[in-house]
Asks: 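Let me give you the structure first, and then I'll get to my questions.
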Amino acid sequence: MSKRVLVTGGNKGIGLAVSQAMLALDYEVIVVARDFKDFALGGLPNVTEIEYDLSNIENLEQLAKEVGNIDILINNAGFMQPKYTYDNYPNEAKEKIMNVDLHAPVELMNLLCENMKKQKNGRIVNVASIAGQIGHPDVWYGIAKAGLINATKIYGKLLGAHGVSVNCIAPSPTETDMQKDNSEQRKKEFKKTVSSGRFAQPEEVAKAIVWLATECPVYINGITLDINDCSYAR
Ligand SMILES: NC(=O)c1ccc[n+]([C@@H]2O[C@H](COP(=O)([O-])OP(=O)(O)OC[C@H]3O[C@@H](n4cnc5c(N)ncnc54)[C@H](OP(=O)(O)O)[C@@H]3O)[C@@H](O)[C@H]2O)c1
């Protein structure tokens with residue numbers, strides 16, 4: 001029987017590249033997102049679509065029941081809203097980004113680790129961002145991603161003893177739809193800090209996620225894997 005992986009936001013961008021790679025490795029892929037109309041893997045055997053808005057944190061328990069037992073959780077779904085400045089950021093917008101980018105991924109770890117613990121085997125990969133390390137003009141995006149990096153460390157400790165490793169990645173800007181929300185000026189400025197002078201491709205980022213989710217030694221636990229081509233060398 002195929003192992004089961006949940007990829008939140010596995011219908012577009014980085015998440016889609018992860019879904020495609022995991023499918024090619026013979027995993028059963030469950031995708032949670034809001035919009036499946038142009039989903040490249042729609043209707044394929046071994047792919048399940050679950051339409052769900054992750055800002056709805058009240059019903060995550062119900063969502064977890066629908067997902068069922070999984071072997072791997074990829075907390076990838078996320079968004080930013082750089083149109084809001086630090087001094088003009090509506091409360092509703094703050095709540096939404098904190099729910100989708102931090103609260104939901106943490107709750108999904110809580111809810112979906114049970115089966116992994118029972119079988120003493122599981123992997124969780126959280127998709128954070130360089131924004132969580134160096135800050136971001138969308139302050140709440142940076143704050144949420146910093147929280148996810150921190151959550152990765154503590155869940156690595158909590159779940160490691162049960163055979164479940166928890167890691168995260170911190171990519172710098174990557175060529176996906178998300179970049180439509182970034183200003184041309186910021187993109188130009190950022191490219192100056194990257195040694196290759198270009199943004200990452202989603203497939204490059206996905207390769208790192210898939211490695212952490214599959215072949216990576218279990219002793220690698222609680223880390224943040226930088227994917228930034230020296231734009232934040234530390
Ligand atoms: N691209 C970058 O420059 C970059 C850099 C660092 C980190 N990241 C992180 O990488 C992850 C993937 O982003 P991406 O670059 O691939 O962007 P993307 O192409 O815009 O994909 C974002 C994904 O998240 C899903 N999503 C967003 N809001 C959601 C919600 N409320 N409920 C359920 N699903 C939701 C979207 O699906 P639906 O729209 O169908 O719901 C989509 O699949 C995000 O966590 C992002 O913060 C991106």
Side-chain angles (χ1 to χ4, degrees), residues 6-21 29-42 49-60 63 66-67 73-82 92-93 95-108 125-138 140-149 151-152 168-183 186-187 190-191 193-194 198-209 212 224-229 231-232:
L6 168 62
V7 188
T8 67
N11 58 335
K12 296 175 189 163
I14 295 168
L16 174 61
V18 173
S19 298
Q20 285 167 325
V29 180
I30 300 127
V31 176
V32 167
R34 294 165 303 175
D35 162 30
F36 285 98
K37 71 177 179 307
D38 298 319
F39 183 32
L41 307 177
E49 300 168 15
I50 301 180
E51 208 177 301
Y52 188 89
D53 184 335
L54 289 164
S55 65
N56 173 4
I57 48 168
E58 306 303 325
N59 290 322
L60 286 173
L63 172 67
E66 196 178 335
V67 169
L73 166 63
I74 316 280
N75 268 321
N76 162 77
F79 75 109
M80 63 177 170
Q81 32 196 15
E92 206 178 296
E95 195 180 317
K96 185 168 179 197
I97 198 162
M98 291 304 282
N99 282 349
V100 176
D101 288 14
L102 181 59
H103 199 148
V106 173
E107 275 310 327
L108 288 176
V125 184
N126 293 319
V127 178
S129 166
I130 191 172
Q133 298 170 312
I134 63 170
H136 195 273
D138 176 348
W140 289 95
Y141 179 69
I143 290 165
K145 293 298 187 181
L148 195 53
I149 290 171
T152 300
C168 75
I169 60 156
S172 56
T174 304
E175 296 288 1
T176 68
D177 284 354
M178 182 175 259
Q179 285 307 322
K180 286 184 191 149
D181 295 330
N182 246 338
S183 72
R186 179 169 158 77
K187 288 194 234 180
F190 203 95
K191 280 183 186 163
T193 70
V194 183
R198 67 170 177 88
F199 284 174
Q201 291 299 319
E203 293 75 19
E204 295 175 286
V205 177
K207 262 191 185 171
I209 296 174
L212 287 171
T224 302
L225 182 63
D226 294 356
I227 309 173
N228 63 36
D229 194 12
S231 52
Y232 175 55

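Each ligand, and each atom within it, is numbered from 1 in the order the structure gives. Note that this is a predicted model, so its numbers are computed, not measured.
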Asks: Is the closest heavy atom of Phe199 to ligand 1 under 4.0 Å?
Replies: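 No.
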
Asks: Indicate yes or no: at least one non-hydrogen side-chain atom of Asn11 is less than 4.5 angstrom from one of Glu49.
Replies: no

Asks: Does only the side chain of Thr176 get under 4.0 Å from ligand 1, or the backbone, or both, or neither? Count heavy atoms.
Replies: side chain

Asks: At a 4.0 Å cut-off, with the gap strictly under it, does some heavy atom of Ala170 reach an atom of ligand 1?
Replies: no

Asks: Tell me: protein heavy atom nearest atom 4 (C) of ligand 1, and distance?
Replies: Met178 SD, 3.9 Å

Asks: Checking the N or O distance criterion of under 3.5 Å, is ligand 1 in contact with Ser129?
Replies: no

Asks: Between Glu107 (side chain only) and Ile57 (backbone N and O only), is there a donor and an acceptor less than 3.5 Å apart?
Replies: no

Asks: If you have a sec, work out which protein heavy atom is nearest atom 41 (O) of ligand 1 and how many Å separate them, to one decimal?
Replies: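 The answer is Arg34 NE, 2.6 Å.
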
Asks: Which of the atoms in ligand 1, numbered in the order shown and given with their element, are less than 4.0 Å from a heavy-atom of Ser172?
Replies: 5 (C)

Asks: Checking the side chain of Asp35 only, and the main-chain atoms of Lys37 only, is there a donor and an acceptor separated by less than 3.5 Å?
Replies: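 Checking the backbone N and O of Lys37 against the side chain of Asp35, a donor-acceptor pair under 3.5 Å is found.
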
Asks: Taking the side chain as everything from C-beta on, heavy atoms only, tell me whether Val18 gets closer than 4.5 Å to Asn76.
Replies: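 When only atoms from C-beta onward are counted, Asn76 and Val18 do not touch, as no gap falls below 4.5 Å.
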
Asks: Looking only at N/O atoms, are Gly9 and ligand 1 under 3.5 Å apart anywhere?
Replies: yes

Asks: Check Gln179 against ligand 1 and report side chain, backbone, both or neither, counting heavy atoms closer than 4.0 Å.
Replies: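 Side chain only.
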
Asks: Any idea which atoms of ligand 1 are less than 4.0 Å away from a heavy-atom of Ala128?
Replies: 7 (C)

Asks: Is it the side chain, the backbone, both or neither of Ile130 that has a heavy atom closer than 4.0 Å to ligand 1?
Replies: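 Neither part.
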
Asks: Compute the shortest N/O to N/O distance between Lys96 and ligand 1 and return yes if it is under 3.5 Å, no if not.
Replies: no

Asks: Which residue and atom name correspond to the protein heavy atom nearest atom 38 (P) of ligand 1, and how close is it?
Replies: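 Nearest neighbour among protein heavy atoms for atom 38 (P) of ligand 1, to 0.1 Å: Lys12 NZ, 3.5 Å.
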
Asks: Strictly under 4.0 Å, does any heavy atom of Phe36 approach an atom of ligand 1?
Replies: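 So Phe36 does not count as touching ligand 1.
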
Asks: Going by distance alone, is a donor N or O of one side chain under 3.5 Å from an acceptor N or O of the other, for Asp226 and Gln133?
Replies: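 Looking only at side-chain atoms, Gln133 and Asp226 do form a donor-acceptor pair, the distance falling under 3.5 Å.
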
Asks: Do any nitrogen or oxygen atoms of Leu54 come within less than 3.5 Å of a nitrogen or oxygen of ligand 1?
Replies: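 By distance alone, the answer is yes.
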
Asks: Would you mind telling me if ligand 1 is within reach of the side chain of Val100, the backbone, both or neither, using heavy atoms under 4.0 Å?
Replies: side chain

Asks: Can you tell me which portion of Met80 lies within the under-4.0 Å heavy-atom range of ligand 1? Options are side chain, backbone, both, or neither.
Replies: neither

